[in-house]
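Data block below; observations after.
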Amino acid sequence: MLVSARRVVRAPLDSADVTSGTKTTQLPAQYSPGEVETRRYEGWVEAGYFQAEAESDAPPFSVVIPPPNVTGSLHIGHALDHTLIDALIRRRRMQGYNTLWLPGMDHAGIATQNVVERELAKDGLSRHDLGREAFVERVWQWKAESGGKILGQMRRLGDSVDWSRERFTMDAGLSRAVQTIFKRLYEDGLIYRAQRIINWCPRCLTALSDIEVEHTEDDGELVSIRYGDGEDQIVVATTRAETMLGDTAVAVHPDDPRYARLVGREIKLPLTGRSIPVVADPHVDPDFGTGAVKVTPAHDPDDFEIGRRHDLPSLVVMDERGVITAPGPFEGLDRFEARPAVVAALRADSRIVAERRPYVHAVGHCSRCGTTVEPRLSLQWFVKVEPLAKAAGDAVRDGRVKIYPQEMSARYFDWVDDMHDWCISRQLWWGHRIPVWYGPDGQVVCVGPDDEVPAGPGWEQDSDVLDTWFSSALWPFSTLGWPDDTPDLRAFYPTSVLVTGYDILFFWVARMMLFGLYAMAAAGPDESVPFRQVALHGLVRDQYGKKMSKTRGNTVDPLDWIDRFGADATRFTLARGATPGGDVAVSEDWVAGARNFCNKLWNAVRFAQLNGAITSRGVPPADQLTAPDRWVLSRLRAVTQEVDALFEQFEFAKVSDALYHFAWDEVCDWYLELAKAALYGPDEAAANATRQVLGEVLDRLLRLIHPLLPFVTEELWTALTGGESVVIARWPGQVTDGAPGALPQPPADPAAEAEIEALMRLVTEVRRFRSDQGLRPGQQVPARLAGLDATVLADHDGRIRTLSRLSEPGPGFAPTASVHAEGVTIELDTAASLDVAAERKRLAKDLAAAQADIEAVGRKLANASFVERAPAEIVAKNRERLAAAQAEAAQLTERIAALPT
RNA sequence: GGGCGCAUAGCUCAGCGGUAGAGCACUCGCCUUACAAGCGAGGGGUCACUGGUUCGAACCCAGUUGCGCCCACCA
């Protein structure tokens with residue numbers, strides 16, 4: 001970073017000079033987040049501010065954290081999610097709600113098991129070397145270590161979670177919830193066990209649900225093979241030639257005349273020499289390829305269905321690792337070795353017809369490890385989703401659950417309305433064991449948490465565990481004590497809002513809907529939903545809008561930013577980009593900008609302190625206030641209302657923007673400068689009134705920003721007001737839903753707003769002149785203000801002079817130039833001769849702008865249709881604009897002519 | 001193959017029917033007494049293209065092109 005070499009370090013102002021209305025501590029000239037943040041966070045936790053109450057008269061506001069995986073650490077996406085949730089929670093807390101943000105973590109079955117297995121592999125061990133019990137023990141150790149790290153990161157971010165209610169999906173209580181709902185679903189016939197083709201990962205050696213499979217367009221090869229001999233030939237095509245070893249039929253469309261005579265007959269399968277039947281099945285598309293399909297019931301989901309319809313045998317030719325088991329020359333080959341080997345053998349046998357065609361097609365990959373998924377016939381547990389999904393769709397359709405942004409609900413419906421049964425068994429060791437026992441005589445017993453476990457010789461528990469998302473789906477109520485009727489469950493369910501990324505809409509959000517509505521059905525339609533609102537955000541991307549990835553090397557560690565710029569700056573950067581459902585682009589430069597904003601607030605409060613701002617006495621009567629006081633209060637009122645409305649819509653980017661601009665552009669750039677006139681002026685009453693307004697405005701501003709910037713606002717607010725903590729200070733905005741009352745709003749004052757806005761424009765105009773003329777910023781320029789009385793600026797002579805650095809005209813005042821704006825003419829004595837070229841350039845530019853306006857607006861008004869059909873208000877506005885532009889142009893022309901040559 | 005979305009200043013994005021905006025970046029001038037992590041002033045855009053609706057279109061409609069995302073059991 002470049003630092004001005006000429007910078008002079010100034011001695012701090014002597015605080016003894018300062019008259020202060022309240023007892024406060026003196027602030028240094030620059031904000032250092034690192035020093036403040038840990039101290040503040042621990043203080044908040046100790047004070048118990050984040051703790052929710054099960055019994056309370058205040059209305060509840062509850063959010064469950066999207067539980068991060070115990071694996072690894074929080075990434076920048078978590079930081080975004082937590083920032084948004086924390087902002088919502090903090091605002092509600094200030095509004096007087098009984099707020100609960102429930103923290104916790106997910107055991108993340110397959111992901112965590114993979115990580116621990118990788119650790120073991122470093123020592124040359126596999127989980128089988130340890131055995132199930134020891135392996136699971138090892139994972140628990142890992143969890144303790146990794147989980148602690150995550151909790152530490154949440155503290156650094158400032159998450160105002162209720163630590164006394166922290167949960168983990170494998171806790172005893174949550175495991176009990178899992179077991180309870182499993183048994184209930186089982187008894188309702190909504191969980192069943194069946195032999196099906198499922199997605200199988202040959203590396204992870206487990207079944208996967210449909211959404212754990214990611215499709216990519218991969219290059220493959222479409223091979224056409226001739227089946228049968230002599231007259232009875234059929235050509236079929238395949239991208240997975242090796243599966244032909246397991247073919248048990250060829251299928252054609254029932255109405256296809258080409259094959260009608262073959263249906264019902266047997267033909268010979270190449271290589272194996274087995275005879276397989278030709279069957280007619282309507283699923284076959286006669287227009288695709290040759291209109292004939294090889295049928296491999298054990299290795300393809302479509303074929304499995306065809307096989308079922310025609311009572312075909314399922315011939316398994318591949319084991320769980322994707323190795324060919326069919327006896328013969330290919331036995332022992334991996335599927336990707338077997339494929340070319342089979343093709344080569346077919347070629348040698350002249351069975352390949354036509355060319356082998358390159359073929360791009362969608363191939364499924366394991367979302368955890370990227371391995372190509374192999375459809376596999378196996379015995380698994382499933383949730384029958386149809387009735388559950390119907391209820392989940394209806395809850396959003398009839399508005400009991402609202403999704404933000406609304407466009408996202410279309411995606412939700414697409415999925416929920418057309419969902420296949422959910423395969424929930426996983427051949428893993430880390431997770432909730434399926435609570436089913438098998439007896440020696442084929443008994444199957446589903447065991448609830450309070451049931452006796454069947455014992456005796458030959459009884460064994462199912463060795464599989466449940467899909468991680470099964471327990472995640474219970475999170476909004478399992479964490480609150482369900483299945484027991486606990487005070488927490490009564491107080492905080494349904495939760496108020498769910499905030500999460502759109503990427504887990506299906507994985508998690510939809511499944512919470514499925515299970516929440518089912519488990520809590522007794523509470524009634526309105527009370528059984530897991531949450532009333534779903535606020536979706538996007539992914540965090542880099543400054544070029546690119547997805548972050550380790551291979552791209554553009555990932556960001558939130559802790560790195562927190563260390564260097566502070567948690568507040570990190571949070572603000574994320575919040576400022578968070579438009580509903582939209583991705584968030586971030587860069588280090590922008591975080592630095594957010595850090596600067598924190599420093600700006602810091603110095604605003606520092607200024608207030610140095611000038612004896614008074615807080616907690618409210619706003620003095622209007623007749624004691626200066627116009628800038630009335631203006632800033634009126635603006636504060638408007639911004640407060642705006643921020644409130646935006647929060648309700650989860651418009652975090654706009655909330656951040658509104659506060660940023662109000663704080664920086666209006667309060668710091670203008671109000672503080674305007675306040676100086678009153679503070680340093682002779683009128684003691686006016687100075688005191690301004691001290692109160694200054695205190696009031698900053699007090700409220702800090703409260704409004706606190707949800708986004710918790711640390712710096714806490715440090716500043718306590719310093720400014722001497723109050724206990726802004727965390728529990730009252731929210732200055734409106735209050736909804738019957739929470740305790742709001743602070744009274746400062747008065748609106750349109751007249752003051754008009755005056756100050758005119759003043760801003762006029763001052764800016766003078767500054768522009770000075771800049772163009774190369775006048776030093778500090779230099780006082782004698783000037784005469786004419787026409788002030790006739791404008792809205794009548795009472796602002798002194799302010800205009802102060803902000804523009806214009807002194808009173810002295811003897812020998814000889815104006816060399818003039819500035820015109822807002823109906824005021826300011827004649828200036830620039831002492832040095834006028835830079836005529838610069839002035840001419842400036843005036844010419846203004847004239848060009850005025851003329852462009854005259855032309856554009858003139859053309860518009862010349863259009864009869866416009867004058868007749870546009871709203872009168874619009875027409876009038878354009879007339880005014882034309883007149884103003886014409887007057888401006890005339891005046892500019894005159895002034896240009898008057899310039900010395 | 002189906003569905004959805006996006007193309008606005010160098011970059012990331014807001015605006016969604018009546019004078020083109022923000023942050024960052026850029027240029028010039030400033031140690032102006034809260035802040036140089038600052039202050040003041042400024043440059044920069046035929047709002048992807050083509051048609052249509054309208055008095056008026058960045059904004060609505062249709063098409064074109066180029067991107068992105070989600071879903072999917074056509075071998």
Side-chain angles (χ1 to χ4, degrees), chain A residues 1-4 6-10 13 27 29-31 197 210-211 215 222 236-240 251 283-285 287-290 292-296 300-305 361-362 364 375 407-408 410-411 414-415 418 420 502-503 505-506 541-545 565 576-577 579 582-587 589-590 592-611 653-654 657 660-661 668-669 672 676 680 764 767-772 774-779 805 852-853 856-857 860 863-871 873-875 877-878 881:
Chain A
M1 178 157 310
L2 288 172
V3 176
S4 167
R6 295 193 300 163
R7 189 187 170 196
V8 173
V9 178
R10 243 174 257 119
L13 289 182
L27 298 171
Q30 210 168 60
Y31 174 51
I197 296 271
D210 291 344
I211 51 176
H215 294 267
L222 188 65
V236 298
T238 182
T239 54
R240 294 192 298 152
H283 175 79
V284 178
D285 178 359
D287 297 326
F288 186 89
T290 59
V293 185
K294 63 191 274 301
V295 182
T296 323
D300 185 278
D302 282 337
D303 295 5
F304 180 76
E305 291 304 317
H361 60 141
E407 305 89 78
M408 286 286 179
R411 271 194 204 182
D414 281 349
W415 195 71
D418 184 28
H420 298 294
Y502 61 69
D503 53 325
L505 183 61
F506 305 142
R541 295 170 177 270
D542 73 8
Q543 61 191 307
Y544 304 111
F565 301 104
R576 207 171 179 191
T579 170
D583 291 346
V584 181
V586 295
S587 93
D589 285 347
W590 306 349
R595 184 261 329 257
N596 296 353
F597 179 52
C598 295
N599 196 234
K600 194 69 183 172
L601 293 174
W602 183 268
N603 274 286
V605 172
R606 185 160 176 268
F607 170 87
Q609 282 199 325
L610 294 171
N611 289 287
K654 288 180 185 169
D657 219 48
Y660 179 91
H661 284 114
C668 290
D669 285 353
L672 297 189
K676 285 176 184 172
Y680 306 153
T764 298
R767 286 172 175 171
R768 190 157 81 99
F769 169 83
R770 296 180 56 120
S771 183
D772 288 345
L775 296 170
R776 304 191 78 75
Q779 183 186 339
R805 310 227 168 228
D853 242 28
V857 181
K860 212 169 185 179
N863 182 341
S865 308
F866 170 73
V867 177
E868 282 164 29
R869 308 178 71 153
E873 180 194 325
I874 300 284
V875 177
K877 226 163 110 179
N878 277 277
R881 204 177 132 200

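Throughout, protein chains are lettered first and strands after them, A, B, ... in sequence-line order, and every chain is numbered starting at 1. Atom set for the values below is all heavy atoms of this structure, side chains included, hydrogens, waters and symmetry mates excluded.
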For the base of B:U32, is there a side-chain donor-acceptor partner from A:R767 under 3.5 Å away? no

5' precedence on RNA chain B between A:T290 and A:V605 (nearest-nucleotide basis): A:V605

Pick base, sugar-phosphate or nothing for A:N878, based on heavy-atom distances below 4.0 Å to the nucleic acid. nothing

Testing B:A22, B:C35, B:A75 for proximity to the side chain of A:H661, the answer is B:A22

Between CG of A:D503 and P of B:C70 the distance, given in whole Å, is 9 Å

Check the distance between B:U33's P and A:N603's CG and give it to me in whole angstrom. 13 Å

Separation of B:U27 P from A:R768 CZ (nearest whole Å): 21 Å

Write down the distance between CG (A:D302) and C1' (B:A72), rounded to a whole number of angstrom. 11 Å

A:A608 near the nucleic acid: base, sugar-phosphate alone, or nothing, with a heavy-atom cut-off under 4.0 Å? nothing

Atom pairs under 3.5 Å: protein N/O with N/O of nucleotides 11-13 of chain B:
{"unit_1": "B:C11", "atom_1": "O2'", "unit_2": "A:Q543", "atom_2": "O", "d": "2.8"}
{"unit_1": "B:U12", "atom_1": "OP1", "unit_2": "A:Y544", "atom_2": "O", "d": "3.3"}
{"unit_1": "B:U12", "atom_1": "O4'", "unit_2": "A:Q543", "atom_2": "O", "d": "3.3"}

Want to settle it: does A:R576 or A:L672 sit nearer the 5' end of RNA chain B, counting the closest nucleotide to each? A:R576

It should be established whether A:S771 places a side-chain nitrogen or oxygen under 4.0 Å from OP1 or OP2 of nucleotide B:C28. no

Please report the distance, rounded to the nearest Å, between CG in A:D285 and P in B:A75. 11 Å

Measure the distance from CZ on A:F506 to P on B:G3 and round it to the nearest whole Å. 16 Å

The nucleotide from B:C73, B:G40, B:A34 with an atom nearest the side chain of A:K600 is B:A34

Give the rounded distance in Å between these two atoms: CG of A:D414 and C1' of B:G5. 13 Å

Quick check for you: among B:A75, B:U32, B:A34, whose closest atom lies nearest to any side-chain atom of A:H361? B:A75

Between the protein and nucleotides 52-59 of chain B, which nitrogen or oxygen pairs come in under 3.5 angstrom?
{"unit_1": "B:C55", "atom_1": "OP1", "unit_2": "A:R869", "atom_2": "NE", "d": "2.8"}
{"unit_1": "B:C55", "atom_1": "OP1", "unit_2": "A:R869", "atom_2": "NH1", "d": "2.5"}
{"unit_1": "B:C55", "atom_1": "OP1", "unit_2": "A:R869", "atom_2": "NH2", "d": "2.4"}
{"unit_1": "B:C55", "atom_1": "O2'", "unit_2": "A:N863", "atom_2": "ND2", "d": "2.9"}

Mind calculating the distance between CD (A:Q30) and P (B:A34) to the nearest angstrom? 16 Å

Presence of donor-acceptor pair under 3.5 Å, side chain of A:R595 and base of B:A37: yes

Does the side chain of A:K654 get closer than 4.0 angstrom to OP1 or OP2 of B:A22 through an N or O atom? no

Which part of the nucleic acid does A:Y680 contact within heavy-atom distance under 4.0 Å: base, sugar-phosphate only, or nothing? sugar-phosphate

